[in-house]
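To start, the structure under review is shown below, and the notes come after it.
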Amino acid sequence: MPQRQILVTSALPYANGPIHLGHLVEYIQTDIWVRFQKMRGHRTVYVCADDTHGTAIMLSARKHGISEEQWIGQMSQQHQQDFADFHIQFDQYGSTHSSENRELCQQIWAQALAKKLIDSRDVQQLYDPEQSTFLSDRFVKGKCPKCGAPDQAGDNCDKCGHTYSAIELIDPVSTISGSQPEIRSAPHFFFQLEKCREVVEDWIARPGTLQSETANYLRGHFLSDRLRDWDLSRTAPYFGFEIPNQPGHYWYVWFDAPVGYIATTWQWCQSQGENLNDWWRNPAAEIHHFIGKDIVYFHTLFWPAILHTAEYALPTRVHVHGFLTVNGRKMSKRDGTFIRGRKYLEHVQPAYLRYYYATKLGDNQDDLDLNIAEFVEKVNSDLVNKVVNLVSRCAKFGTQTGLSARYPDDEGRFAYAAAQSEVIAAAYDAGELSKAMRLIMELADRANQFVDQAQPWKLAKVPEQVDRLRDVVTITLNLYRQIAIYLAPVLPTLQQQSAQLLGEPLNDWRLAQQPLLNQSIGTYAHFMQRLDIKDVEKMIEETKQENAAAAAADSATTTGGGATTNVDSDAAVLAEPLAAECTIEDFGKVDLRVARILSAEEVPEARKLLKLVVSLGGDQTRQVFAGIKAAYNPADLVGRLVVIVANLKPRQMKFGLSEGMVCAAGSGGAEVFLLSPDSGAVPGQRVH
RNA sequence: GGGCCGGUAGCUCAGUUGGUUAGAGCAGGGGACUCAUAAUCCCUUGGUCGCGGGUUCGAGUCCUGCCCGGCCUACCA
């Protein structure tokens, strides 16, 4: 098999919110595909980056009172931690706000200008005078100019379906400030896509470039007509790259975002001593984009046109997937189904989601439903009861006997699974992950059937049968080993555990062709635990509560203009009057940090204390005794974020050393309320 | 409004260019076994293939109308 050279990207997550289970459909799918290609021995590079520009990010930074750079910096850190914890392994993770990206954008822009593809003309737009910003359609509401329906966004009416321009809205209101926007005119720069029609049409017609539904969609919706010009610019204030020689004008985020794919590849090349042109201007190298169906047209119309303009290679294939629904419905904050990756990890291991998604993903754009009951059943019945069970039921014998020196007659079972190698590989390669999973589970069924027939538990009772027992173990573990290899792209942790037990790395697809022999077997400890639906339900319940709390807090801040009456009693502040004034320097002496509770346990001899171990990120942990026993159940605390006084002088207590203090409000006893940061905060961040 | 996609057993899905009594996994029912994480193995009950027309010797598969769901519809990210 000739070695392929494959560059793979996932869509760039927008640096304006945490990674949720919907995002993960894509990253997990891509990561599985990449791991598979690497196991097949192909030279594969997987790059991704945070998408950091645009009005929304500018506004978020403003709202939190920090610079855009600070905002996207902490977002990026959070995203990368989430990805790593779901075992998504990028070769390079960058940012669109990088010097490499700016330079590439400038080069591409210069070529577009030189080829006379950029046109400039005035555009009328709504402007928020209070916030001093132009308003994109999503930040304005008004009455539909056609049917008069209230509260419609700036592009189309969801009541009558009429599409219009934001300046046509009746009584428009800025959703940022609540003020009445004015109409202002400003020049914008347009990319003349129609001039690239032939390039795009040829590219779409290349076999393998697109799934048929994507090609149909493009032909039916765009290419049947004149391709409209694409507005590539935005007017200040905007967070992004300023256009050279055009002060006050910025590239629209969708211009510089996909260029981030190249920029991040470039960063990787620099770190590896590779040449960028070997990946982006090399006809022998493949380029694969994985994206969701909502951003198809950016990747399949503008992007190939831009690439062609700048004389880069066009993508080999754009893999488009559908959206995630939960229990058959759109993810919703109110239902608690808008689940953050971090929240998932507090309750369930990443391997289960990776496997479940794999069983449901094909090479199509159908939405994928995360059905909670099915999720639990599938994980338990496939992974625990079938696959891991194979090891679980014979490892004990294997530890006693080791593996035979010669592979025994197994009536063609190993050979069958070895022959399935290419069928399974073809399914992986085509993105038919659900088919690959089905084929692999069939192998697990066959192996379990073998064990039932061979009855090793009976052989183990007869000392003279030890040779036969060793043979049965050899067959079973080799059949299991093939399965572990085939599942390795999906379940890297299982791959490692299996490798350790078998004393051999399972990092190459071809290993499934030859049995492992003459090997001693380590001691087995459960590779996976059965999943309890209660854990999943708890995850949803907590998400629901957090979202409700966040929504309440949000509405409290946005309606804080005096219209709402404050009904809180003054009892608390009277009970504990304010302390004497302190200076900012005084406050600075107290180092408050966000921390995650790693473990919580009762201190039996203590009346009020719980012993907590909290993490400040990395391997920095603190042991803290907190007087919250009456108010909190230890099991409920594990995983949650709290605020601690991190530089408090350690204090030796009867039960051990306390290295900090957990912040809480309340009068004491059962009336104790731990402080939690809003979602987005990560352990180690200082509270200012 | 327009475009694309989907609608197959209780659930999640396979069904290649139309061809014999429509398949799998899970769930349900019965039995076996006891090595294994209430795991495993054997047998088994479930379907007017969204609805109505049409083409054909023959339609889940092709055409057409309708119903339901998802996405897109361009200075939205």
Side-chain angles (χ1 to χ4, degrees), chain A residues 14 16 51 53-57 123-125 134-139 153-156 160-163 165-166 186 188-190 193 211-222 224-225 227-235 252-254 257 292-298 301-302 320 322-323 325 328-330 356 359-360 362 364-369 371 373-375 377-378 380-382 384-386 388-397 432 434-435 437-438 441-442 444-445 447-461 469 472 476 524 526-530:
Chain A
Y14 200 50
N16 203 28
D51 179 13
H53 291 157
T55 313
I57 282 171
V123 169
Q124 290 198 317
Q125 252 184 296
F134 283 97
L135 294 166
S136 60
D137 291 348
R138 58 193 293 248
F139 292 123
D155 47 2
N156 64 349
C160 71
H162 183 60
T163 60
S165 158
H188 277 240
F189 298 90
F190 291 82
L193 189 60
Q211 289 132 304
S212 61
E213 55 258 59
T214 310
N216 291 345
Y217 157 66
L218 294 174
R219 281 192 273 255
H221 203 267
F222 298 103
S224 55
D225 231 334
L227 292 165
R228 287 162 65 176
D229 293 348
W230 184 33
D231 185 353
L232 274 187
S233 65
R234 293 293 182 274
T235 323
Y252 174 42
V253 51
W254 265 111
K293 61 182 173 181
D294 54 332
I295 55 174
V296 162
Y297 90 101
F298 291 103
L301 288 176
F302 304 124
V320 184
F323 288 169
T325 58
R329 303 170 60 169
K330 275 198 220 186
Y356 182 74
T359 66
K360 310 213 41 153
N364 61 55
Q365 301 178 16
D366 297 349
D367 287 348
L368 184 163
D369 187 44
N371 180 287
E374 191 207 15
F375 171 57
E377 275 165 15
K378 204 154 219 163
N380 286 339
S381 101
D382 287 1
V384 182
N385 300 354
K386 282 183 182 175
V388 173
N389 182 50
L390 280 168
V391 191
S392 188
R393 69 193 305 198
C394 82
K396 186 176 65 182
F397 307 130
E432 300 280 6
S434 62
K435 186 176 177 187
M437 295 309 106
R438 235 180 299 128
M441 284 312 130
E442 191 215 328
D445 284 340
N448 273 309
Q449 286 162 23
F450 166 76
V451 179
D452 264 64
Q453 282 172 32
Q455 303 183 312
W457 57 92
K458 287 192 178 164
L459 301 174
K461 288 175 183 149
L469 179 64
V472 170
T476 307
Y524 171 74
H526 285 323
F527 286 167
M528 288 183 187
Q529 303 294 337
R530 292 176 63 79

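In what follows, every chain begins at residue 1, and chains take the letters A, B, ... in the order their sequences are listed. Note that these values count all heavy atoms, side chains included, but never hydrogens, waters or copies made by symmetry. Every value quoted in this text rests on a predicted model; they were computed, and no experiment measured them.
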| task | Kindly confirm whether the side-chain ring of A:Tyr217 is stacked on the base of B:C4, judged by centres under 5.5 Å and planes under 30°. | result | no
| message | With rounding to the closest Å, how many angstrom separate the P atoms on B:A9 and B:C51? | response | 10 Å
| Any side-chain N or O of A:Lys435 less than 4.0 Å from the OP1 or OP2 oxygen of B:A24? | no
| request: Report the distance from atom CD of A:Gln529 to atom P of B:A36, rounded to the nearest whole Å. | output: 16 Å
| task | Nearest whole angstrom, please: distance from the P of B:G28 to the CD of A:Glu374. | result | 15 Å
| query | What's the base orientation of B:G65: syn (chi within 90° of 0) or anti? | reply | anti
| query | How close or far is atom P of B:A27 from atom CZ of A:Phe375, stated in whole angstroms? | reply | 16 Å
| query | Does A:Lys396 make a cation-pi contact with A:Tyr524, if we ask for NZ or CZ under 6.0 Å from the ring centre and within 45° of the axis? | reply | no
| query | Would you say B:C75 has OP1 or OP2 under 4.0 Å from some side-chain N or O of A:His188? | reply | no
| task | To the nearest Å, give me how far apart CD (A:Glu432) and P (B:C13) are. | result | 14 Å
| message | B:A36, OP1 or OP2 - any side-chain N/O from A:Lys396 closer than 4.0 Å? | response | yes
| said: Ignoring hydrogens and geometry beyond distance, is the side chain of A:Trp457 in donor-acceptor contact with the base of B:A36 at under 3.5 Å? | reply: no
| How close or far is atom C1' of B:G3 from atom CG of A:Asp294, stated in whole angstroms? | 17 Å
| said: Between A:Asn385 and B:U37, is there a contact of a side-chain N or O with OP1 or OP2 at under 4.0 Å? | reply: no
| Contact class for A:Tyr524 vs. all strands (heavy atom < 4.0 Å): base, sugar-phosphate, or nothing? | base
| How long is the line joining CG of A:Asn448 and C1' of B:A39, in whole Å? | 9 Å
| Contact summary for A:Cys394 and A:Thr476, nearest pair of heavy atoms | SG-CG2, 3.6 Å
| said: Taking 4.0 Å as the cut-off, does a side-chain nitrogen or oxygen of A:Arg530 come that near to OP1 or OP2 on B:A39? | reply: yes
| query | What integer distance in Å separates A:Asp366:CG from B:A14:C1'? | reply | 13 Å
